[in-house]
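So that the names make sense, note that chain A is the first sequence line, chain B the second, and so on, each numbered from 1. As the structure is a prediction and not an experimental result, all values here were calculated from the model.
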Amino acid sequence: MAKSYQAPRGTQDILPPVSDRWHHLESTFRKVCERYGYQEVRTPVFEESGLFARGIGDATDIVSKEMYVFEDRGGRSMALRPEGTAGIVRAFVEHKLAGEKSAWKVFYFMSIFRYERPQAGRYRQAHQVGVECFGPTGPDADAEVIALNMAWYRELGIRGHELRLNSLGCPVCRPSHRQALSEALSEVRGDLCPTCQGRMETNPLRVFDCKSAECQALVASAPSTVDYLCAECQSHFARLRDLLEAMELPYELAPRLVRGLDYYTRTAWEVKYSGLGAQDALCGGGRYDGLVEELGGPATPGIGFAAGIERALYALEQGGIEIPGRSARGTLVIGLDEESRRRALLLAESIRGHGLRAETDYFDRGLKAQMKQADRLGARWAVILGEDELKTGRAVVRDLESGDQSEVPIDDVPGWLDRA
RNA sequence: GCGAGCGUCGCCCAGUUGGUCAAGGCGCCAGAUUGUGGAUCUGGAGAUCACGGGUUCGAGUCCCGUCGCUCGCCCCA
């Protein structure tokens, strides 16, 4: 026996019929996006690794320990994308798509890669859908993107998820918050977990989403971002909340929600789903007003989110939500001997010519076995061709749902099926 | 990177204190009178019990190692 291979750790093969479920999620997402005027964008699976280091932030876990980095044959440092936004911003800048009073609204469906130990809801190659909206500064865009995000889940039928919302401030108000936070934390520094002590140097905000009970307790009374918002950030946030309420999109204020990417400004949100286990985030999003400039483009605000496909699927399963199944359709054309098999193949081809699904047997099976196969294929019709049929020129067409049979002139079968 | 559990036919899995040990279900194939599916019945194919060592008269069952999977920590989709 030759050596056999397995899919790499943390990757998965998506086989039928599960692939139908994936297709359903994707097509639903496309439909929702188009409703909001978003168009599809596709960017490379790998980019210069510097793009991610610069865009996402050197100090983030994603960049510091989870990237699939490799050197290409030209000695350039490349990385499999660990998330979608950086590459799309790069494309936006590269193709000079910025313009005054214009918005570039795109959606995507992509694989992302992170070198981590896989567990429930977490993979090394994961899949996300998401949108990005470049241009608008105002909270209307925030509200629209969040609404789109929630519309997808609604359309899928997912229930029991929770939208959590925060505002992280902007370069005007952040420094004062950061300083206040650092001061508050340094008083209790010794009681923080080792990781958080390190975070105090790199990004004190991240202490907020530490899961250690001690850090949580210490941070509970620490100054939150919303308390330090400048006047503009305040009114932006207030307006957004007003819009969400007016759209009847319930949310929970999450003053300690900070997200793991450095580029977010002002609005940040995530959607949690309690049934998911340790990885309870269905998606994450936020505004990134400084990112385009950071990546060499003209100062352009942006906002977007990314949602995990695997996690949405899991939520669907947990909720016992059935996706629309395939109803019985299509035809198996059965031939019984050499000559009728030949005719069966030609007839199937002619049925396909009418835009209908048709198949034939490949294994020289008998009538009974072929009927059984028709059933397994989920076919609606079986068309039988044997010696008698070839002689009379009339095929037996059997409706597998009702069991009714009729004789139809062989050449009329495609049209007959088309009308049926 | 760390911790825990698991690894028996394509799939789900039984295998008691080590001695008919390779069982059952699903699926697959073939029959149940002559050219007909989905139900039932009968039969059949299919497993060197993840891999490599060790203990023992004897190991799927005990020990060690390797690989893999799963769950958790960190963090996130």
Whole-Å distance separating the [atom1] atom of [X] from the [atom2] atom of [N]:
X: A:L257; N: B:rA77; atom1: CG; atom2: P; value: 10 Å
X: A:R380; N: B:rU36; atom1: CZ; atom2: P; value: 22 Å
X: A:L400; N: B:rU36; atom1: CG; atom2: P; value: 14 Å
X: A:L261; N: B:rC76; atom1: CG; atom2: P; value: 8 Å
X: A:M67; N: B:rG1; atom1: CE; atom2: P; value: 18 Å
X: A:L282; N: B:rC76; atom1: CG; atom2: C1'; value: 13 Å
X: A:K65; N: B:rC2; atom1: NZ; atom2: P; value: 13 Å

cation_pi(A:R241, A:F237) dist<6.0 Å, angle<=45: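 Yes.
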
Cation-pi geometry met for A:R124 and A:Y68 (6.0 Å, 45°):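 Negative - A:R124 is either too far from the ring of A:Y68 or too far off its axis.
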
Would you mind writing out the side-chain donor-acceptor pairs for residues 56-66 of chain A within the sub-3.5 Å range, not counting sequence neighbours?
unit_1, atom_1, unit_2, atom_2, d
A:T60, OG1, A:G57, O, 2.7
A:T60, OG1, A:V63, N, 3.4
A:S64, OG, A:T60, O, 2.9

Using the [atom1] atom in both, what is the distance from [N] to [M], to the nearest Å?
N: B:rC9; M: B:rU70; atom1: C1'; answer: 22 Å
N: B:rA59; M: B:rA32; atom1: P; answer: 46 Å
N: B:rC67; M: B:rA14; atom1: P; answer: 27 Å
N: B:rG1; M: B:rG10; atom1: P; answer: 32 Å

Is the shortest heavy-atom distance from the side chain of [X] to the side chain of [Y] under 4.5 Å?
X: A:F52; Y: A:R81; result: yes
X: A:Y153; Y: A:H161; result: yes
X: A:K31; Y: A:E155; result: yes
X: A:E144; Y: A:Y38; result: yes

Sub-3.5 Å pairs of nitrogen or oxygen atoms, protein against nucleotides 69-71 of chain B:
unit_1, atom_1, unit_2, atom_2, d
B:rC69, OP2, A:R9, NE, 3.0
B:rC69, OP2, A:R9, NH2, 3.1
B:rC71, OP2, A:A120, N, 3.1

Interface polar pairs with nucleotides 6-11 of chain B, N/O, under 3.5 angstrom:
none

Flag if over 12 foreign heavy atoms under 6.0 Å of NE2, A:H23: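 Counting other residues, nucleotides and ligands, NE2 of A:H23 stays at 12 neighbours or fewer.
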
Ring centre gap for A:F92 and A:W104 strictly below 6.0 Å: yes

Canonical and wobble pairing (Watson-Crick, G-U, under 3.5 Å) of RNA chain B, dot-bracket with |: (((((((..(((......[....))).(((((.......))))).....(((((..]....))))))))))))....

Give a yes or no on whether a donor-acceptor pair under 3.5 Å exists between the nucleobase atoms of [N], that is its base, and the side chain of [X].
X: A:D375; N: B:rG38; value: no
X: A:R114; N: B:rA77; value: yes
X: A:Q405; N: B:rU36; value: yes

Could you list, one pair per line, each protein nitrogen or oxygen that sits under 3.5 Å from a nitrogen or oxygen of nucleotides 33-35 of chain B, together with the distance?
unit_1, atom_1, unit_2, atom_2, d
B:rG35, O6, A:D388, N, 3.3
B:rG35, O6, A:D388, OD1, 3.2
B:rG35, O6, A:D388, OD2, 2.3
B:rG35, N1, A:E389, OE1, 2.9
B:rG35, N1, A:E389, OE2, 3.0
B:rG35, N2, A:E389, OE2, 3.0

Side-chain donor-acceptor contact under 3.5 Å, A:T225 with A:H177: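 No donor-acceptor contact under 3.5 Å links the two side chains.
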
Write down the protein N/O and nucleotide N/O pairs, taken from nucleotides 27-32 of chain B, whose separation is under 3.5 Å; answer none if there are no such pairs.
unit_1, atom_1, unit_2, atom_2, d
B:rC28, OP1, A:R376, NH1, 2.5
B:rC29, OP1, A:R365, NH1, 3.3
B:rC29, OP1, A:R376, NH2, 3.1
B:rC29, OP2, A:R376, NH1, 3.0

